[in-house]
Amino acid sequence: MDYKKRNGGPFMGGASQAKRGKTGGEWEDSPSQFEEELSMFDEAEMEAEEMEGQAGHDVIPVGDLFSADLNPRWRRPNAPTLDPSSDKLVFQQIDLDYYLGSAVAGMPGQLQGKVPIIRMFGVTDSGNSVCCHVHGFAPYFFVPAPSGFKADYLSEFQKELNSAVLKDMRSNKDNISITVLAVDITRKESMYGYHGKRILDFLRITMAMPRLIAPAKRLLEQGLKFGPFPLQSYPSYEANIDFEIRFMVDSDVVGCCWIELPKGKYRVSLCQYEVDVGWTDLISHPAEGDWQRIAPLRVLSFDIECAGRKGIFPEPDKDPVIQIASMVQRQGETEPFIRTVFTLQSCASIVGSQILCFTQERQLLQSWAEFLRTVDPDIITGYNIQNFDFPYLLNRAAALKVNLFPYLGRVRGIKSVLKDLNFQSKQMGRRENKTINMEGRVQFDLLQVLLRDYKLRSYTLNAVSFHFLQEQKEDVQHSIITDLQNGNEQTRRRLAVYCLKDAYLPLRLLQKLMCVINYMEMARVTGVPLTYLLSRGQQIKVVSQLLRQAMKQDLVMPVVKTEGGEDYTGATVIEPEKGYYSVPIATLDFSSLYPSIMMAHNLCYTTLLQKGSVEKLGWTPTGDLFVKSTVRKGLLPEILENLLSARKRAKTELKKETDPFKKQVLDGRQLALKISANSVYGFTGAQVGKLPCLEISQSVTGFGRQMIEQTKQLVESRYTISGGYQADAKVIYGDTDSVMVKLGVATVSEAMEIGKEAAEWVSSHFTPPIKLEFEKVYYPYLLINKKRYAGLYFSSSADTHDKMDCKGIETVRRDNCPLVANLINTCLQRILIDRDPKGAVNHAKEVISDLLCNRIDISQLVITKELTRTAQEYAGKQAHVELAERTRSMCWRTTFPLTHNTTWNSSCPNPLRLEATSNNSL
DNA sequence: CAGAGCACCTAA
DNA sequence: TGAGTTAGGTGCTCTG
């Protein structure tokens with residue numbers, strides 16, 4: 001009856017949901033906090049600068065919108081004239097692609113037909129945009145030369161392959177006459193397997209354009225006959241490398257690095273630095289020292305509103321776009337310098353932002369596109385722009401035949417087209433995405449970033465803003481948007497404030513989470529373009545590093561056909577001694593376990609001895625053989641050493657650095673380095689991947705299993721009563737790279753002391769850089785099961801705990817309703833902090849009785865898919881009963897160990913569970 | 001009603 | 001045509 005009582009709020013958020021009044025959908029209009037914030041921008045700017053002729057908060061009649069006088073901030077700063085014969089051009093490259101074009105006279109490379117041209121987009125220190133066309137770089141791959149091959153046969157080979165490729169083409173739209181540009185002999189060695197540094201002759205086959213690589217590779221695999229050689233199949237090497245990556249690796253360019261074009265080596269062709277350069281002339285600066293800086297990139301965030309029909313999700317062929325809000329900020333600054341709303345119909349002014357009103361939707365769309373091209377952002381952000389705003393705008397513009405709309409990139413004449421893309425991985429499952437090409441601009445959809453990098457309970461902009469910024473959206477229900485639009489200029493103003501905030505929040509989040517900095521650092525560390533980090537998986541990052549390392553030793557990467565096979569054995573989880581521990585439990589961890597194993601044992605493609613090899617130079621637990629680093633040091637260990645030592649450097653620099661901005665960059669870097677090191681192992685084990693090598697991955701886990709076992713033995717053998725210690729140490733649990741040890745001491749500080757000593761002593765039994773570290777003490781500690789435990793975490797001080805640490809329990813899982821998570825969290829606090837298990841039980845009983853007596857709002861229960869589905873199947877009261885029952889059983893189950901915490905073990909039956917599940921009469 | 005199989009999510 | 005790994009707890013459904 002009275003279950004409407006709302007005693008909740010957002011999970012973990014407590015009652016602070018609606019601090020800002022404005023609860024209902026009332027239309028009363030006191031200025032919101034956000035409006036005050038907006039007006040502050042205005043005041044600050046009025047003080048800082050003369051009125052530039054921009055009427056900050058006026059409603060501007062559409063007319064001379066794009067004149068420099070009216071909107072001086074929209075355009076980029078004027079670009080100083082450049083004299084290629086005496087000036088160099090330096091810019092930070094932020095995006096990179098290629099296109100097929102005609103050769104430019106004076107530039108290296110093929111002269112006739114279409115040639116591939118790399119295009120780098122970037123920004124100079126003074127904020128001028130650069131489009132740099134790099135000429136003369138052609139795609140290539142390798143095949144081993146057949147035995148007895150001599151230079152005399154090169155032209156014969158080239159001719160045969162060329163005609164085979166031509167014959168293979170179904171149509172020849174581009175009228176290609178030469179497909180194979182060149183064939184050369186080079187001395188190379190396959191990186192797969194150690195074969196006594198057997199450097200062989202390889203044919204380096206250069207093709208006219210990237211898309212000819214795949215057919216050439218296929219034809220060579222199928223078999224080619226040339227000269228005196230019999231028909232035979234040629235395995236290919238590096239024929240599956242993206243052209244952009246190929247270029248970057250070969251010219252030592254990494255994502256987001258600074259590029260210098262020396263004087264006399266480039267030519268200017270168009271406005272704001274559109275230049276041509278030969279590929280060997282550009283200088284790429286490693287991201288060190290001064291070259292770590294970031295150019296003043298323009299970041300545009302936007303949001304659109306549509307007038308949908310009642311209860312129907314807006315459809316672009318029917319429902320109009322009524323508002324578009326945009327905010328533009330320079331990377332590194334704290335406030336947006338452009339704040340604009342384009343509205344359909346009139347709209348009352350908003351202090352601190354510019355309102356542009358249109359009577360025709362077509363004109364609104366057209367003008368916004370023009371606005372975007374004028375502002376010329378390097379990065380475009382927003383919330384779900386990739387799958388909603390951009391597709392909607394493009395489809396709407398198509399429906400209204402606004403033909404000049406879909407040109408949103410930085411290259412004149414290239415139409416932005418919507419495409420469906422299916423992205424699938426074990427990690428993320430199947431994900432349907434849309435893509436829009438926008439040459440030279442990086443689309444940084446904040447929703448996509450959050451889905452990739454953060455595990456959250458809810459990904460709505462409101463929930464995310466609350467979680468990270470303790471701030472929320474302006475309060476406007478979706479259902480009233482159309483009514484607001486059909487009202488008057490005041491109601492449309494309210495909508496505009498809402499829309500502006502939705503454009504502003506992504507910008508704030510981007511800043512708070514340091515997305516741009518962190519992603520740039522990742523691009524620099526791994527060497528891939530920024531856009532790859534959002535559109536591609538983990539593998540390409542390792543490939544990029546592997547190729548760079550391999551090139552130094554003339555090693556080439558084979559193309560392997562990918563087929564899934566048997567899984568291999570992973571890590572050991574030590575059988576837990578379940579229970580409640582009211583004594584300190586020391587935790588020892590191997591730091592970077594898998595990377596350090598690969599380094600210590602020189603595990604790599606290049607050091608693997610193929611089965612049947614006679615030499616036995618060092619065994620792995622799985623019976624695979626790898627040569628010692630004294631024979632040949634592996635590429636993967638080299639990559640890992642570079643990553644981890646760079647991380648150490650970044651961390652020491654971080655400690656010294658005082659400038660907060662540089663600190664952020666360094667922190668982003670050390671994080672990127674850590675993640676990169678950890679993904680190398682996964683790459684070798686990815687059976688459907690670019691270069692899987694299960695010998696490496698299973699040896700890594702094999703060593704890991706041996707090590708955790710040995711660690712347990714060592715600790716338990718040394719810390720004994722007979723060895724002079726207070727008690728016999730016991731490893732009560734361990735997972736993959738850690739052991740939890742009950743040392744039998746009474747205080748945290750004793751546990752810390754012995755823990756540190758034990759870690760050091762155990763480390764001495766392993767090959768460097770393998771290292772066991774003392775990490776923390778849990779006191780008290782509740783061990784529920786494998787991968788499920790909780791405890792008070794001591795590491796910085798022996799007197800006070802840093803936090804309550806929960807692993808695998810309902811409190812950290814997203815497939816439980818908040819009620820359960822909150823309940824368990826409170827119970828754990830009672831047990832661990834108050835040391836009052838009875839209090840925990842009482843609390844649980846209270847909550848459950850509230851639940852059974854319908855005293856709890858049903859909406860709190862509906863969170864998991866299963867529960868949602870059930871709620872849909874049952875109606876009204878019945879749904880409540882069903883949900884209550886399910887939640888109740890979860891509560892009983894998870895609270896049970898808490899009630900019997902000191903004596904309970906897994907062999908005991910669970911009387912409460914029996915009671916809970918058998919008692920179905922509510 | 002046990003248990004296999006599956007979905008989901010987490011630990012490392 | 002692109003996708004990091006295995007171990008493992010828990011709840012639900014289906015089946016003999």
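A note on names: the letters A, B, ... follow the listed sequences, proteins ahead of strands, and every chain is numbered from 1. Values reported hereafter were calculated over all heavy atoms of this structure, with side chains retained and with hydrogens, waters and symmetry mates removed.
Rounded to an integer number of Å, the gap from A/Asp735 CG to C/dT5 P is 18 Å. The nearest whole Å value for the distance from the CG atom in A/Asp420 to the C1' atom in C/dG2 is 16 Å. In this entry the distance linking CZ of A/Arg813 with P of B/dA7 reads 15 Å, nearest Å. As rounded to whole Å, 14 Å separates atom P of C/dA3 from atom CG of A/Leu691. Distance, A/Ile784 CD1 to C/dG8 C1': 15 Å, rounded to whole Å. In this structure, the CZ atom of A/Arg218 is 14 Å from the P atom of C/dT1, given to the nearest Å. Taking atom CG of residue A/Asp242 and atom P of nucleotide C/dG2, one finds them 7 Å apart after rounding to whole Å. Between A/Asp805 atom CG and B/dA11 atom P there is a gap of 9 Å when expressed in whole angstrom units.
A donor atom on one side chain and an acceptor atom on the other are found under 3.5 Å apart for A/Asp453 and A/Tyr519. A donor-acceptor contact closer than 3.5 angstrom links the side chains of A/Glu244 and A/Tyr532. A/Thr622 and A/Ser699 share a side-chain donor-acceptor pair at under 3.5 Å. Side-chain atoms of A/Thr811 and A/Asn825 form no donor-acceptor pair, as typed in the model, at a separation below 3.5 Å.
Between A/Tyr789 and B/dA12 there is a side-chain polar atom (N or O) within less than 4.0 angstrom of OP1 or OP2. In terms of phosphate contacts, A/Asn785 brings a side-chain nitrogen or oxygen within less than 4.0 Å of OP1 or OP2 of C/dT10. Taking side-chain N and O atoms only, A/Arg788 has no distance below 4.0 Å to OP1 or OP2 of C/dG8. For C/dG8, one of the phosphate oxygens OP1 or OP2 lies less than 4.0 angstrom from a side-chain nitrogen or oxygen of A/Lys786. One finds a side-chain N or O of A/Lys807 lying less than 4.0 angstrom from the OP1 or OP2 phosphate oxygen of B/dA12.
Note on A/Thr572: nothing from the nucleic acid sits closer than 4.0 angstrom, heavy atoms only. Contacts of A/Lys455 with the nucleic acid, taken as non-hydrogen atoms under 4.0 Å apart, involve only primed sugar atoms and P, OP1 or OP2. Within 4.0 Å (heavy atoms only), A/Val542 reaches no atom of the nucleic acid at all. Nucleic acid contact class of A/Gly685 (heavy atoms, under 4.0 Å, all strands): sugar-phosphate only.
Across the interface with DNA chain C, nearest-nucleotide mapping of A/Val688 and A/Gly570 shows A/Val688 to be the residue nearer the 5′ end. Nucleotides of DNA chain C nearest to A/Glu575 and A/Glu566 differ in position, and the one nearer the 5' end is that of A/Glu566.
Set against C/dG8, B/dA11, C/dG4, the side chain of A/Tyr681 has C/dG4 as its closest nucleotide. Residue A/Tyr568 has its side chain nearest to C/dT5 when only C/dA3, C/dT5, B/dA11 are considered. Listed candidates were C/dG8, C/dA3, C/dG4. Nearest to the side chain of A/Ala686 is C/dG4. Of the candidate nucleotides B/dA12, C/dT10, C/dT6, C/dT6 has the atom nearest to the side chain of A/Asp567. When distances run from any side-chain atom of A/Thr736 to the nucleotides B/dC9, C/dA3, B/dA12, the shortest one goes to B/dA12. In this structure, of B/dC9, C/dG4, C/dA7, it is C/dA7 that holds the atom nearest to the side chain of A/Lys787.
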**Asked** Is there a ring pair (Phe, Tyr, Trp, His ring centres under 6.0 Å) between A/Phe142 and A/Tyr237 once you walk through the steps?
**Response** CA-CA 5 Å; A/Phe142 302 94; A/Tyr237 289 72; 7.8 Å; no
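A distance below 6.0 Å separates the ring centres of A/Phe766 and A/Phe590.
Annotation: C/dG4 and B/dA12 have their C1' atoms spaced 14 Å apart (nearest Å).
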